[in-house]
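Scroll down for the structure; my scribbles are underneath it.
Atoms within each ligand, like the ligands themselves, are counted from 1 in listed order.
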Amino acid sequence: MKITEMHITPIALGDPPLLNAAGLHAPYCLRTVVELKTDNGLTGLAEVPGSVAVDAALAAVRDVVIGADPRNWHGLRARLAERCSPETSVSRGDKPWDGRTRVQVYSALDVACLDIQGKAFGVPVAALLGGVVRERVPYSAYLFYKYEGAGGELAFGTDPEATGWAAARQAAALDPAGVVAQAQAMVKEFGFESIKLKGGVFEPAQEVAAIKALHEAFGPGVPLRLDPNALWTVETSIKYGREMEGILEYLEDPCRTQEGMAALRRALKTPLATNMCTTSFDDLPGSVKHASEDIILTDHHYWGGLRASMELAAHCRIFSRGVSMHSNNHGGISLAAMTHLGAAMPNLSYALDTHYPWQWEDIIIGGRMKIEGGCVALPKGAGLGVELDRVALAKAADNYRRCGFTERNDEPEMQKKVPGWKFQATRW
Ligand code: GKR
Ligand code: MG
């Protein structure tokens with residue numbers, strides 16, 4: 001079997017004005033869809049975070065991909081490694097998301113090749129990752145402080161006809177009461193059984209108050225997480241970490257560096273999770289040496305694919321780390337891939353993150369995937385089990401061309417609301 005075509009389609013999906021450590025989400029989030037076609041008529045799909053840099057990196061390996069056998073990932077990956085410039089974990093950057101492109105190229109091609117293989121063998125991708133250990137994969141409610149506004153074409157405007165979660169998704173959430181109302185609407189709609197709040201937006205005391213309000217509203221049976229995206233110093237993390245001791249399921253990336261997290265870990269009983277201080281295989285020796293976190297949040301887009309995330313899960317098992325999953329805004333192809341990974345990971349120890357409730361559009365046939373009882377059921381069918389809706393893809397590609405964004409950059413968006421606002425890698 002040979003790959004004969006590779007298509008790279010940048011798309012934009014509507015996104016509400018969500019606040020985070022780097023500023024404010026733009027009205028559209030960018031994704032890139034990769035399609036591989038084979039000489040025997042199969043198609044493999046993948047989706048990665050979108051940017052002109054990722055699109056260029058994908059286009060630059062097209063000649064390596066064309067002609068490759070999608071059943072030989074080791075062969076293709078070795079050829080990609082010769083072609084793509086090395087990137088260290090420093091290239092990840094200080095922002096909440098990952099600035100590297102090579103891992104995203106690997107990820108796109110790993111997922112699309114797995115989709116092809118699944119279709120060729122008539123099995124789900126999870127079977128190729130070692131087998132299905134759970135048919136329903138648990139996700140957590142992912143709360144954001146936000147300004148009022150729907151995003152997409154409505155930007156800061158709202159649809160007055162919206163009801164239920166669609167209305168709550170548009171509402172402002174800027175204080176503990178707003179955060180609790182958002183959580184109640186999201187849990188009612190999707191049945192999530194654990195809750196994460198994206199922090200790093202307001203003074204730590206205000207975010208801790210929101211966590212306490214969630215604890216009060218949902219009771220001790222609902223696990224809570226807070227993620228300030230490393231904006232706190234170690235001292236601040238110790239102070240506020242102690243205030244939340246016994247309330248949090250885990251505290252995610254309160255401060256920077258493996259050494260910083262390790263110092264905090266020695267001072268707190270609350271488990272620490274990361275998608276910022278241990279983010280690549282090169283970081284694993286440091287993670288073991290410093291004992292910097294309890295839980296590593298994989299993300300197949302940033303760890304180099306689904307097979308790489310399974311390798312990380314094996315590391316986590318050996319070194320007694322928990323494993324769960326990080327997310328950025330994404331569509332249904334990514335959600336399907338994340339769900340196959342969650343279905344196949346024997347030591348998955350926590351509900352996964354997903355931004356999916358924040359989007360209302362998708363590019364897959366049948367419309368948006370369902371989240372019920374807080375879980376996504378493993379898609380039926382061979383491979384990833386999702387197919388492209390060509391009309392929806394064309395509309396999302398048109399959104400990309402019209403919106404004018406070429407990469408994620410939350411700082412100018414924030415400056416529209418707070419003139420002169422600047423990202424600071426450490427703020428409190
Ligand atoms: O979408 O604003 C956001 C998040 O802050 C995202 O960029 C982070 O990468 O969800 C992420 C995280 O867990 O750090
Ligand atoms: Mg995080």
Side-chain angles (χ1 to χ4, degrees), residues 13-31 48-51 92-100 103-104 107 139-147 151 169 173 182 194-202 207 224-232 237 248-257 260-261 271-280 283 292-303 322-331 334-335 338 350-359 405 407-414 421 423-425 427:
L13 301 172
D15 194 22
L18 307 179
L19 287 150
N20 73 112
L24 185 65
H25 285 211
Y28 291 93
C29 61
L30 307 184
R31 306 292 291 176
V48 284
S51 70
R92 183 204 174 279
D94 284 342
K95 298 276 170 63
W97 61 92
D98 198 315
R100 293 172 297 166
V103 281
Q104 297 188 58
S107 173
Y139 287 84
S140 67
Y142 197 160
L143 311 181
F144 279 82
Y145 288 109
K146 74 177 287 286
Y147 291 126
R169 193 177 51 215
Q182 187 187 92
S194 54
I195 297 175
K196 163 170 167 171
L197 173 63
K198 169 57 57 184
V201 175
F202 295 118
E207 299 190 350
L224 301 176
R225 311 159 182 180
L226 175 65
D227 177 9
N229 276 126
L231 249 62
W232 298 356
S237 305
L248 290 181
E249 178 183 40
Y250 57 71
L251 179 55
E252 181 174 330
D253 288 312
C255 54
R256 289 195 185 271
T257 76
M261 289 279 278
L272 300 186
T274 191
N275 63 279
M276 294 186 78
C277 81
T278 300
T279 60
S280 73
D283 294 331
S292 44
E293 70 280 311
D294 300 276
I295 300 137
I296 300 179
L297 303 170
T298 186
D299 179 330
H300 72 274
H301 308 94
Y302 296 141
W303 280 83
V323 59
S324 187
M325 211 182 283
H326 161 267
S327 141
N328 281 130
N329 291 103
H330 60 88
S334 280
L335 184 61
M338 290 154 73
Y350 299 91
L352 315 181
D353 283 359
T354 178
H355 284 54
Y356 202 62
W358 292 105
Q359 268 58 67
F405 301 121
E407 61 174 2
R408 178 174 172 185
N409 189 352
D410 293 8
E411 193 177 75
E413 290 305 314
M414 187 68 170
W421 190 91
F423 169 70
Q424 282 171 249
R427 193 177 284 270

> Can you tell me the protein heavy atom closest to atom 3 (C) of ligand 1 and the distance?
Replying inline: H25 NE2, 3.2 Å

> At under 4.0 Å between heavy atoms, which part of D227 makes contact with ligand 1: side chain, backbone, both or neither?
Replying inline: side chain

>> Around the Mg ion (ligand 2), how many protein N, O or S atoms are found at less than 2.8 Å?
In response: 3

>> Using a 4.0 Å heavy-atom cut-off, which part of L297 comes near ligand 1: side chain, backbone, both, or neither?
In response: neither

>> Testing the 3.5 Å rule here: is there a donor-acceptor pair between the side chains of D410 and N20?
In response: yes

> side chain to side chain donor-acceptor pair (under 3.5 Å) with N229: which of R256, E252, K198, R427?
Replying inline: K198

> Heavy-atom distance under 4.5 Å between the side chains of M261 and L251, does that happen here?
Replying inline: no

> Quick one: does R408 get within less than 4.0 Å of ligand 1, heavy atoms only?
Replying inline: yes

> Is there a donor-acceptor contact under 3.5 Å from the side chain of D253 to the main chain of M276?
Replying inline: yes

> side chain to side chain donor-acceptor pair (under 3.5 Å) with H301: which of S327, S334, S107?
Replying inline: S334

> Can N275 and Y302 be counted as having a side-chain donor-acceptor contact under 3.5 angstrom?
Replying inline: no

>> For atom 14 (O) of ligand 1, what's the nearest protein heavy-atom neighbour? Residue, atom name and distance, please.
In response: N229 ND2, 2.8 Å

>> Any heavy atom of K95 closer to ligand 1 than 4.0 angstrom?
In response: no

>> Checking a contact table here: which protein heavy atom is nearest atom 4 (C) of ligand 1, and how many Å away?
In response: K198 CE, 3.6 Å

>> Does any part of the side chain of M338, heavy atoms only, come nearer than 4.5 Å to the side chain of Y139, both counted from C-beta?
In response: yes

> Of the backbone atoms (N, CA, C, O) and the side-chain heavy atoms from C-beta on, which set of D253 has a member under 4.0 Å from an atom of ligand 1: side chain, backbone, both, or neither?
Replying inline: neither

>> Just to be sure I read this right, does ligand 1 sit under 4.0 Å from the backbone of M276, its side chain, both, or neither, counting only heavy atoms?
In response: neither

> Is the closest N or O pair between P96 and ligand 1 shorter than 3.5 Å?
Replying inline: yes

> Any side-chain heavy atom of Y142 sitting closer than 4.5 Å to one from T354?
Replying inline: no

> Taking heavy atoms and a distance under 4.0 Å, where does L18 meet ligand 1: side chain, backbone, both or neither?
Replying inline: neither

> Using heavy atoms and a threshold below 4.0 Å, how should the contact between S327 and ligand 1 be classified: side chain, backbone, both, or neither?
Replying inline: backbone

> Does the side chain of Y147 come within less than 4.5 Å of M414's, by heavy atoms?
Replying inline: yes

> Got the closest protein heavy atom to atom 6 (C) of ligand 1, with its distance?
Replying inline: N328 ND2, 3.0 Å

>> Could you tell me, atom by atom, which parts of ligand 1 come under 4.0 Å of a heavy atom of Y142?
In response: 4 (C), 10 (O), 11 (C), 12 (C), 13 (O)

>> Looking at D353 and R225, is any side-chain nitrogen of the basic one under 4.0 Å from a carboxylate oxygen of the acidic one?
In response: yes

>> Under a plain distance cut-off of 3.5 Å, with no hydrogens placed, do S194 and E249 share a side-chain donor-acceptor pair?
In response: no

> Any side-chain heavy-atom pair from I296 and V323 closer than 4.5 angstrom?
Replying inline: no

> Taking the side chain from Q182 and the backbone from R169, do they hold a donor-acceptor pair closer than 3.5 Å?
Replying inline: no

> Are R31 and P49 close enough that some pair of their side-chain heavy atoms sits under 4.5 Å apart?
Replying inline: yes

> Would you find a donor on one side and an acceptor on the other, under 3.5 Å apart, between the side chain of S324 and the backbone of A351?
Replying inline: yes

> Which atoms from ligand 1 have a heavy atom of F144 less than 4.0 Å away?
Replying inline: 1 (O), 2 (O), 3 (C)

>> Below a 4.0 angstrom heavy-atom separation, can you tell me which part of K196, side chain or backbone, both or neither, approaches ligand 1?
In response: side chain

> For atom 1 (O) of ligand 1, which protein heavy atom lies nearest, and how many Å away is it?
Replying inline: H355 NE2, 2.7 Å

>> Looking only at protein heavy atoms, which one is nearest to atom 11 (C) of ligand 1, and what is the separation?
In response: H326 NE2, 3.0 Å

